[in-house]
Amino acid sequence: MHQKRRIEKSPPLKKDDLLVITGGGGFIGGNLARYFRNKGFTNVRAVDKKPFREWYLQVPGVESLRLDLSHEQNCQRACKGAVEVYNLAADMGGMGFIERFRVECLRSILINTHMIEAAAQAGARRYFYSSSACVYNTLLQKDPKVRALKESDAYPAMAERGYGWEKLVSEMFCEEYWHERGLKTFIARFHNVYGAHGTWDGGREKAPAAICRKVIEALDKQDLNIKIWGNGEQTRSFMYIDDCVRGIDRITHCDALIATPINLGSSELVSINTLVSKVEKIAGVKLKRSYQLDAPQGVAGRNSDNTFIKKVLKWEPDTTLDKGLAATYKWINEQFHARKKGKRVVE
Ligand code: NAD
């Protein structure tokens, strides 16, 4: 048991305080940098190991650094002068990636291990960590008609192999850095995030982007078939990116949530078949479905129990899947056709 630490009030955040966002070349990190910039923050630093041409968003006015954050010194460089640190860097992808590349997923432990220490040494006031619903006990997710997962369902632990265990241990780092060292840490467990400026091709994409792309390809080739991973009955909830970045901001600035993992996800549960139907409707097409039963498909069902977030923040992600998917489809469609014309796009 740890002693309860007294929470000192932080000074108000100023618009020129330095906010450091790792994974800034990726989907959520890039959108978060843009969100803070749009809110008027003038001192935002985005850090990623990818070459700049591969970043989904390079936000004007945001300092961009290319650093591999699995190395301690690079984390120290990234955190220099930081008032708040948002760690969204991880080697990750959709089911197709995390089932096949468990070692890469586990090695992300290096990023959080060095980042949280560097943030503490730099005197950062707040540290946000992007965890995942993959920390939840997989034995509770064997039925598509799953009961929604609440925060206490992570223990007794039986996380997703590789990726989920890395997230769970990194959560523990965050909890102990608060209890032992007084760094205010915040931990959100994201449930499937989707939207524009994210991976839609190449093997790391997640279900909503993959389905949008497959529908667009079918229309383009006039081959009205679609291959679906699994039997299509597996269920998930999907959170739109705008809700995700808003939620990160709210969670990180709520002292009642220090060192306390919280679900950040939509509670609108749908099957993959329903997701396909929704994208078909947006595209105005009906496709013949074939099911790939040996493809990676993850747990049978997973949903976010939002009781806790509603209680603490009086808010929950609420963009409907129909609305979020329409915007996502439009963006991927533009990317697809730009690439076809030979223009450079980020996949
Ligand atoms: P993403 O792959 O688009 O972004 C992650 C970024 O981290 C990439 O740009 C990658 O280049 C960068 N990165 C990886 N290793 C790095 C290193 N050693 N040094 C510096 N940068 C490095 O993924 P995302 O969807 O934006 O996810 C952001 C965070 O949210 C991750 O921690 C992820 O595990 C978590 N998460 C995402 C989802 C989701 O649905 N997208 C769900 C649960 C959790």
Side-chain angles (χ1 to χ4, degrees), residues 20-34 45-58 64-75 77-79 86-95 97-98 101 104-115 118 128-136 149 159-160 162-168 170-171 174 187-210 236-241 243-245 247-248 261 263-266 298 302 304 317 324 328 346-347:
V20 172
I21 299 172
T22 74
F27 169 44
I28 304 174
N31 276 284
L32 186 65
R34 188 170 62 173
R45 177 183 296 155
V47 190
D48 204 290
K49 73 171 178 185
K50 287 194 295 203
F52 293 126
R53 65 174 185 285
E54 290 175 21
W55 289 35
Y56 295 119
L57 277 167
Q58 271 212 56
S64 303
L65 294 183
R66 187 182 174 202
L67 294 170
D68 182 341
L69 298 168
S70 55
H71 301 292
E72 190 177 5
Q73 279 163 348
N74 289 342
C75 293
R77 166 70 189 92
C79 288
Y86 296 81
N87 181 15
L88 292 118
D91 217 345
M92 65 89 64
M95 251 6 263
F97 183 83
I98 66 175
F101 298 104
E104 273 78 358
C105 292
L106 282 166
R107 284 181 59 81
S108 292
I109 196 88
L110 295 171
I111 304 173
N112 190 59
T113 307
H114 294 316
M115 275 303 297
F128 172 84
Y129 177 64
S130 50
S131 186
S132 162
C134 289
V135 300
Y136 284 117
L149 292 160
E160 184 88 42
Y163 181 70
W165 281 101
E166 186 276 318
K167 291 289 184 196
L168 203 56
S170 290
E171 284 190 0
C174 295
I187 306 153
R189 291 180 181 154
F190 297 160
H191 290 246
N192 296 303
V193 190
Y194 71 100
H197 305 288
T199 315
W200 57 278
D201 204 357
R204 287 182 188 245
E205 65 278 15
K206 298 195 154 205
R236 294 288 185 280
S237 71
F238 299 96
M239 167 170 58
Y240 189 52
I241 184 67
D243 286 334
C244 180
V245 293
I248 293 172
N263 278 334
L264 183 56
S266 159
R302 177 182 292 156
S304 178
T328 308
V346 187
E347 289 171 353

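Counting convention: from 1, in listed order, for ligands and their atoms alike. In this chain, residues are counted from 1 in sequence order.
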Please confirm whether the backbone N or O of [Y] pairs with a side-chain atom of [X], one donor and one acceptor, at under 3.5 Å?
X    : Y    : answer
E54  : F52  : no
S237 : S266 : yes
D68  : K49  : no
W165 : A159 : yes
S131 : A188 : no

Say whether [X], considering both its backbone and side-chain N or O atoms, lies within less than 3.5 Å of an N or O atom on ligand 1.
X    : result
I28  : yes
V193 : yes
G29  : no
D48  : yes
D91  : no
T199 : no
L69  : yes

Counting each atom of ligand 1 from 1 as listed, which ones have a heavy atom of [X] under 4.0 Å away?
X    : result
I111 : 15 (N), 16 (C), 17 (C), 18 (N)
A89  : 7 (O), 21 (N), 22 (C)
S70  : 18 (N)
S130 : 29 (C), 30 (O), 31 (C), 32 (O)
D68  : 17 (C), 18 (N), 19 (N)
G26  : 3 (O), 4 (O), 9 (O)
N192 : 40 (O)
G23  : 6 (C), 7 (O)

- Which heavy-atom pair separates I98 from C105 by the least distance, and what is that distance? CG2-SG, 3.8 Å
- Report the C-alpha separation of D48 and W55 in whole Å, then their side-chain angles, then the decisive distance to 0.1 Å, and conclude whether the side-chain contact (heavy atoms from CB on, under 4.5 Å) test is met. CA-CA 8 Å; D48 204 290; W55 289 35; 3.5 Å; yes
Heavy atom of [X] under 4.0 Å from ligand 1?
X    : value
K167 : yes
G198 : no
S131 : yes

- Message: Check the orientation of Y136 and H191. Use parallel for under 30°, tilted for 30 to 60°, and perpendicular for over 60°.
- Response: tilted
- Query: Under 3.5 Å, is there a donor-acceptor pair between the S108 and D91 side chains?
  - Reply: no
- Query: Going by atom types only, do R34 and N31 share a side-chain donor-acceptor pair under 3.5 Å?
  - Reply: yes
- F97/E104 under side-chain contact (heavy atoms from CB on, under 4.5 Å): CA gap, chis, key distance, verdict: CA-CA 9 Å; F97 183 83; E104 273 78 358; 4.3 Å; yes
If hydrogens are left out, which of [options] has an atom nearest to [atom], that is, the closest non-hydrogen atom?
atom                    : options          : answer
atom 36 (N) of ligand 1 : F190, Y129, F238 : F190
atom 39 (C) of ligand 1 : E104, E166, K206 : K206
atom 13 (N) of ligand 1 : A133, A90, P51   : A90

- Query: What residue and atom, counting heavy atoms only, is the protein's closest point to atom 33 (C) of ligand 1, and at what distance?
  - Reply: Y163 OH, 3.5 Å
- Minimum-distance protein heavy atom relative to atom 37 (C) of ligand 1: M92 CE, 3.6 Å
- Message: Does only the side chain of W55 get under 4.0 Å from ligand 1, or the backbone, or both, or neither? Count heavy atoms.
- Response: neither
- The answer for which part of L67 has a heavy atom under 4.0 Å from ligand 1 is backbone
- Query: Do L69 and H114 have side chains that get closer than 4.5 Å, going by heavy atoms?
  - Reply: no
- Query: Can a cation-pi geometry be assigned to K50 and Y56, taking NZ or CZ under 6.0 Å from the six-membered ring centre and within 45° of the ring axis?
  - Reply: yes
- Answer yes or no: is there an ion pair linking K167 with E160, defined by an N-O contact shorter than 4.0 Å? no
